[in-house]
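The structure appears right after this line, and notes come after that.
These numbers were taken from a predicted model, which means no experiment stands behind them. Heavy-atom basis, side chains included; hydrogens, waters and symmetry copies ignored.
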There are 2 protein chains.
Amino acid sequence: MTQPTDTLSIRQMCDAFGVTARTLRFYETKELLFPLRDGTRRHFTKQDRARLTLILRGKRFGFSLEEIRQLLNMYDRGGSNAAQLLRTLAIGRDRLEQMQAQRDELGLAIADLQTQLAEGQSALDAFAQAAPAAAE
Amino acid sequence: MTQPTDTLSIRQMCDAFGVTARTLRFYETKELLFPLRDGTRRHFTKQDRARLTLILRGKRFGFSLEEIRQLLNMYDRGGSNAAQLLRTLAIGRDRLEQMQAQRDELGLAIADLQTQLAEGQSALDAFAQAAPAAAE
DNA sequence: CGTTACATTTACGTTAACGTAAAGCACACT
DNA sequence: AGTGTGCTTTACGTTAACGTAAATGTAACG
């Protein structure tokens with residue numbers, strides 16, 4: 001009959017998720033988390049834990065906190081909002097394309113850099129290859 | 001015998017390189033460019049053009065402006081500074097590794113997102129898959 | 001001489017996602 | 001009462017690479 005003590009203190013949250021207290025409070029001000037209050041202290045519920053999981057996952061996906069907030073809100077309202085869902089999907093696809101483009105550009109830059117570095121001793125000259133007569 | 005008019009105005013530079021005047025002035029304050037002065041106006045020499053090419057290339061490589069400045073300085077002093085060159089190479093390799101790591105992470109995230117988006121209609125549920133009972 | 005075009009300096013603003021004090025409750029223990 | 005631990009709020013600081021005004025200058029055109 002002891003209450004499940006279903007909540008975590010801020011420190012426990014930090015340890016559990018590998019984030020700082022500042023981060024958790026910050027997320028609260030950004031309306032990403034809504035911990036309960038015992039007087040002045042925060043108590044993070046199972047919901048908060050689930051949301052934080054999503055937040056971190058969203059960050060891995062490259063979403064901004066604001067985007068994540070919107071996604072979480074939609075999710076909260078129950079997925080019955082088809083139009084919104086579609087827009088969400090569009091956002092997701094956009095992000096995907098951006099990421100792919102980014103990755104491709106990275107790939108190019110990496111290839112460039114690799115050949116430059118491998119090509120010889122003087123990577124500087126390689127780096128500067130496009131500059132004829134930089135020093136007259 | 002007409003002087004080659006070998007310099008470009010700031011606007012011509014902007015057009016030639018697709019950057020803003022602010023950017024060029026900013027680069028000057030950062031000691032990346034050293035345009036000549038005709039009274040108050042800037043005149044960008046061939047050297048400046050070469051340097052700007054390198055700057056933009058360096059950015060494509062993911063170097064910061066400060067890193068670029070150092071590289072340009074080393075290059076300017078003539079490549080006779082072997083130790084420096086080696087350190088430079090090390091920097092380049094570090095950057096390469098960072099970029100590869102970044103690219104790999106991006107690859108992972110992309111793969112994730114792709115399966116999520118493809119897997120079904122509800123990308124939201126997919127996005128939220130790790131959150132059981134987010135809405136009790 | 002007035003306008004237009006282009007240029008200049010100075011300096012505050014922007015963005016994201018927190019970091020980092022500073023100062024102070026609120027309890028538990030001793 | 002004192003000490004310590006954990007938590008709180010408030011609020012300024014950080015970083016990079018410029019953006020964006022504001023006020024002014026100068027040179028040529030008409």
Side-chain angles (χ1 to χ4, degrees), chain A residues 5 7-45 48 51-72 91 95 98-99 102 105 109, chain B residues 5 7-45 48 51-72 91 95 98-99 102 105 109:
Chain A
T5 305
T7 66
L8 295 185
S9 77
I10 198 166
R11 198 49 59 108
Q12 291 173 317
M13 279 291 274
C14 294
D15 296 345
F17 288 89
V19 298
T20 70
R22 176 68 173 94
T23 297
L24 294 176
R25 298 194 190 104
F26 179 69
Y27 286 171
E28 189 181 354
T29 71
K30 290 291 178 179
E31 304 188 61
L32 290 165
L33 296 177
F34 309 93
L36 300 176
R37 292 301 180 104
D38 164 19
T40 176
R41 287 171 151 85
R42 290 171 176 80
H43 291 287
F44 294 87
T45 67
D48 291 313
R51 293 179 73 91
L52 183 53
T53 300
L54 294 183
I55 292 166
L56 298 179
R57 174 191 267 247
K59 291 198 62 178
R60 270 218 57 223
F61 279 78
F63 289 99
S64 73
L65 292 183
E66 173 56 20
E67 287 171 330
I68 291 170
R69 193 184 61 80
Q70 290 177 30
L71 289 172
L72 287 176
I91 291 175
R95 192 95 264 278
Q98 280 177 39
M99 288 168 63
Q102 230 188 82
E105 270 199 67
Chain B
T5 305
T7 65
L8 295 185
S9 76
I10 197 167
R11 197 49 59 109
Q12 291 173 317
M13 280 290 276
C14 294
D15 295 346
F17 288 89
V19 299
T20 70
R22 177 67 173 95
T23 297
L24 294 176
R25 297 193 190 104
F26 180 69
Y27 287 171
E28 189 181 353
T29 71
K30 290 292 178 178
E31 304 188 61
L32 290 166
L33 296 177
F34 308 94
L36 300 176
R37 292 301 180 104
D38 163 21
T40 175
R41 285 170 153 85
R42 291 170 177 81
H43 291 288
F44 294 86
T45 68
D48 290 313
R51 292 178 73 91
L52 183 52
T53 299
L54 294 183
I55 293 165
L56 298 178
R57 174 190 265 249
K59 292 198 61 177
R60 270 218 59 224
F61 279 78
F63 290 99
S64 73
L65 292 183
E66 173 56 20
E67 287 171 329
I68 291 170
R69 192 183 63 78
Q70 291 177 31
L71 289 172
L72 287 176
I91 291 175
R95 192 97 266 277
Q98 281 178 36
M99 287 167 62
Q102 233 186 81
E105 272 200 66

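The nearest pair of heavy atoms linking A/Cys14 to A/Ala21 is SG-N, 3.3 Å. Of all non-hydrogen atoms in B/Leu33 and B/Asp48, the two that sit nearest each other are CD2-O, 3.6 Å. The two atoms that bring A/Ile55 and A/Ile68 nearest to each other are O-CD1, 3.5 Å, heavy atoms only.
With contacts defined as side-chain heavy-atom distances shorter than 4.5 Å, the pair A/Thr45/A/Phe34 does not qualify. Counting only heavy atoms from C-beta outward, the side chains of B/His43 and B/Leu8 never approach each other to under 4.5 Å. By the 4.5 Å heavy-atom criterion applied to side chains, A/Thr20 and A/Phe26 are not counted as neighbours.
Think of the region where chain A sits on DNA chain D: with heavy atoms and a 4.0 Å cut, that region ends 5' and 3' at D/dG6 to D/dA11.
Using a 4.0 Å cut-off on heavy atoms, the residues of residues 10-20 of chain A that approach DNA chain D are A/Ile10, A/Arg11, listed by number. Applying a 4.0 Å cut-off to non-hydrogen atoms, the residues of residues 37-44 of chain B that approach DNA chain C are B/Arg37, B/Thr40, B/Arg41, B/Arg42, listed by residue number.
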Please lay out, stage by stage, how A/Ile10 and A/Arg41 fare under the test side-chain contact (heavy atoms from CB on, under 4.5 Å). CA-CA 8 Å; A/Ile10 198 166; A/Arg41 287 171 151 85; over 6 Å; no
Does the pair A/Phe44 and A/Leu24 meet the rule for a side-chain contact (heavy atoms from CB on, under 4.5 Å), with working shown? CA-CA 10 Å; A/Phe44 294 87; A/Leu24 294 176; 4.1 Å; yes
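At least one donor-acceptor pair closer than 3.5 Å links the side chain of A/Glu67 to the backbone N or O of A/Ser64.
Of the two residues contacting DNA chain C, namely B/Arg22 and A/Arg22, the nearest-nucleotide position lying further toward the 5' end is that of B/Arg22.
Each of A/Arg42, A/Arg69, A/Arg51 was compared with A/Glu28 under the salt bridge (Lys or Arg N to Asp or Glu O under 4.0 Å) criterion, and only A/Arg42 meets it.
Rounded to a whole Å, the CZ atom of B/Phe26 is 17 Å from the P atom of C/dT8.
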